[in-house]
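Notes for the one structure printed next.
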There are 2 protein chains.
Amino acid sequence: MTKPMPTTDDLLCFALYSTSHAMMRLYRPLLAPLGLTYPQYLVLVALWDRDGRSVGDLGEQVALESNTLTPLLKRMETAGLINRRRGAQDERVVTVHLTDAGSALKDKAAEVTACVFQATGLSLEEVADLRARVEALRHKIEAAG
Amino acid sequence: MTKPMPTTDDLLCFALYSTSHAMMRLYRPLLAPLGLTYPQYLVLVALWDRDGRSVGDLGEQVALESNTLTPLLKRMETAGLINRRRGAQDERVVTVHLTDAGSALKDKAAEVTACVFQATGLSLEEVADLRARVEALRHKIEAAG
DNA sequence: CCTTTTTGTATCGCGTGCGATATAATCGTA
DNA sequence: TACGATTATATCGCACGCGATACAAAAAGG
């Protein structure tokens, strides 16, 4: 007897897909007052960690290629959150720098993170463990690709 | 002394976001020969489980509202995978039915699932456990929303 | 029986993720 | 020194996820 066809509830990919979207829906009303979209927020988190880095380097951290990142950064530049500068040494390289406005959002974002953490209903240990496992999965998938 | 600002590697939301995208990138070349996009595949999985259901009911299972689902179903109808019918009893309700072509993809999709499972490098138990925890998180987030 | 409320789906506009491709700059090699 | 290969970013077109809103049909209430 063959195993029955899995439905969406059996698929890890669906759990990741739907939970990631649920997380975005949770963040969105908290970020909107800061004038931020969810992907912009993630990019800022990376820049608060390390400012003045190349598009490629930033793309590595946020796992996005330049075809997604460049338009996103342009919108953030238009919003006054960052500046982009083309390298003098290597004119292919564009570096991304936080503006004062971009830096100033760091503290507000900390409040957002706290709100979201509370909404998960998980302990710090549970969050850390689940996060590590999900990330480990991504590394395996990327290695397989 | 305050705890340092978390970076992307510390955020569960980023792990979900980036791993979900990595999963999509893994599926895409496997689904493309079947003429399917990733969200279309997830919808088919739900329909293979239960055919002939309303847009709203289907939306509940795939966690998508009608503003996303209706355009997606229209594209699938254009591709000959499904048919949509408006109810005679209740003219507000639209039901979605698999076509022969849509049903026929079920077996091919099983092969895709097997490929993807192998790429994760996880055991069946690990997949099931991780899936359950991620799904539980989604339920908590949705309850908080 | 009529009006208001609720429900189900659809449309609009925007942000964004990605395959494919283009452009320009740098590097490596003969 | 010149040319081909490689690298970094940018553009294009499309799919899709969602807030906001519209429209039509059914249900509820007076």
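In what follows, chains are A, B, ... by sequence order, proteins preceding strands, each numbered from 1.
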Check: Quick one: does A:R85's side chain have a donor or acceptor within less than 3.5 Å of a partner on A:G52's backbone?
Finding: no
Margin query: Less than 4.0 angstrom between a side-chain N/O of B:R84 and OP1 or OP2 of C:dT9, yes or no?
Written below: no
Checklist line | Under 4.0 angstrom between A:K74 side-chain N/O and D:dA10 OP1 or OP2 | finding: no
Notebook entry, point to check: For D:dA10, does either OP1 or OP2 sit under 4.0 Å from a side-chain N or O belonging to A:T70?
Noted result: yes
Note to self: Using whole Å, what does the distance between atom C1' of nucleotide C:dT9 and atom CD of B:E91 come to?
What the structure shows: 13 Å
Item checked: Below 4.0 Å: OP1/OP2 of C:dA10 and any side-chain N or O of B:R86 -> yes
Notebook entry, point to check: Is the shortest side-chain N/O distance from B:Y38 to OP1 or OP2 of C:dG17 below 4.0 Å?
Noted result: no
Item checked: Length of the line joining B:M24:CE and C:dT16:C1', which is rounded to integer Å -> 11 Å
Check: Heavy atoms under 4.0 Å, any strand shown: does B:L69 hit a base, just sugar-phosphate, or nothing?
Finding: nothing
Checklist line | Donor + acceptor pair across side chains of A:E126, A:S123 (<3.5 Å) | finding: yes
Check: How close or far is atom C1' of C:dT16 from atom CE of A:M76, stated in whole angstroms?
Finding: 13 Å
Checklist line | Residue B:L72, side-chain atoms from C-beta onward, closest of D:dG17, C:dC18, C:dA25 | finding: D:dG17
Margin query: Measure CG/B:L64 against P/C:dA10 and give the value in whole Å, please.
Written below: 14 Å
Note to self: So, does B:R28 get its side chain near the phosphate of C:dC18, meaning an N or O under 4.0 Å from OP1 or OP2?
What the structure shows: no
Note to self: Assuming nearest nucleotide by heavy-atom distance, tell me which of A:G56 and B:N67 is located more 5' along DNA chain D.
What the structure shows: A:G56
Note to self: If the cut-off is 4.0 Å, is A:R75 near the phosphate of C:dT16, judged by side-chain N/O to OP1 or OP2?
What the structure shows: yes
Note to self: On DNA chain D, does the nearest nucleotide to B:T37 precede the nearest nucleotide to A:P29 from the 5' side, or the other way round? Give the residue.
What the structure shows: B:T37
Margin query: I need the CG-P distance between B:L16 and D:dG17, as an integer number of Å.
Written below: 16 Å
Notebook entry, point to check: In terms of side-chain heavy atoms, does B:T113 have a donor or acceptor partner in B:Y41 at a distance below 3.5 Å?
Noted result: yes
Next item on the list: Could you check whether A:E65 gets within reach of a base, just the sugar-phosphate, or nothing at all, counting any heavy atom under 4.0 Å?
Entry: nothing
Item checked: Whole-Å distance separating the NE2 atom of B:H21 from the P atom of D:dC16 -> 13 Å
Next item on the list: Please figure out whether B:S54 or A:D90 has its closest DNA chain C nucleotide nearer the 5' end.
Entry: B:S54
Check: Counting only N and O atoms by type, is there a donor-acceptor contact under 3.5 Å from the side chain of B:T7 to the main-chain atoms of A:D49?
Finding: no
Margin query: Looking at the base of D:dA8, is there any donor atom on it, or on the side chain of A:S66, that sits under 3.5 Å from an acceptor on the other one?
Written below: no
Next item on the list: Could you tell me whether the side chains of A:T95 and A:H97 share a donor-acceptor contact shorter than 3.5 Å?
Entry: yes
Next item on the list: Mark yes or no for a side-chain to base donor-acceptor pair under 3.5 Å between B:R92 and C:dT9, with no hydrogen or angle criteria applied.
Entry: no
